[in-house]
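Below: the structure, in structure tokens.
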Amino acid sequence: MGVSEDRPHRPGDTPSHCPPSRCPQAHCPDCGLLCDRVPTLEHDEILLEDEILLEPDVAPLAHTVPADHRWIELSDGRVVVYGVCPPVPHQRCRIAHHLACPEQPPPGPWDWLTELRRKNARRAAHRPPPHH
């Protein structure tokens, strides 16, 4: 069952129009959870990378995410920060995993993100050690 467009996004919801990820995945170096490793539209001069770790299977309504944290998926599979305010009412976006990582300091008082961070902390605590 998909997410209804007329109710707010809840942590863990996967919109019906957002199929499960087919992106390569990588473990977060801080908490060890799997993340989607997605190419970005532009080279990030700060991170010196052309990809970002995104929270898997989470696509909140873009207006619930601060403009500089909205990653919009392009048709070619890359993502770009969507800083336009306000976004289209039903636009969904992706968020970087570091915002939901239980090992990182919280970015701010977003209720749904606080709950997602708690969920990830529980998942990370019960995760078996990675195989190297």
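Values reported hereafter were calculated over all heavy atoms of this structure, with side chains retained and with hydrogens, waters and symmetry mates removed.
Two different hydrophobic clusters hold V38 and L34 under the rule that ILVMFWY side chains link at heavy-atom gaps under 4.5 Å.
To the nearest 0.5 Å, the span separating CG on D68 from OH on Y82 amounts to 14.5 Å. Interatomic distance, R70 CZ to R92 CZ, rounded to the nearest 0.5 Å: 13.5 Å. Note that CG of D30 is 5.0 Å distant from SG of C101, once rounded to the nearest 0.5 Å. To the nearest 0.5 Å, the span separating CD on E73 from CG on D36 amounts to 8.0 Å. Separating the CD atom in E115 from the CG atom in N120 is a distance of 10.0 Å, to the nearest 0.5 Å. Note that CD of Q25 is 8.0 Å distant from SG of C35, once rounded to the nearest 0.5 Å.
The closest side-chain heavy-atom distance from R94 to I72 is not below 4.5 Å. Between I52 and L54, some side-chain heavy-atom pair lies under the 4.5 Å cut-off. A heavy-atom distance below 4.5 Å is found between the side chains of L53 and P29.
Residues A124 and C31 share a closest heavy-atom pair of CB-O, 3.9 Å. Looking at every heavy atom in both residues, W71 comes nearest to V79 through CE3-CG2, 3.4 Å. In this structure, P60 and I95 approach most closely via the heavy-atom pair CG-CG2, 4.1 Å.
Using modelled atom types, one side-chain atom of T40 and one backbone atom of D50 make a donor-acceptor pair closer than 3.5 Å. The main-chain N or O of Q104 is found under 3.5 Å from a side-chain atom of R117 such that the two form a donor-acceptor pair. Of the possible donor and acceptor atoms, none in the side chain of H97 sits under 3.5 Å from a partner among the backbone N and O of E55. Under a 3.5 Å cut-off, the side chain of R123 and the backbone N or O of L33 do not form any donor-acceptor pair.
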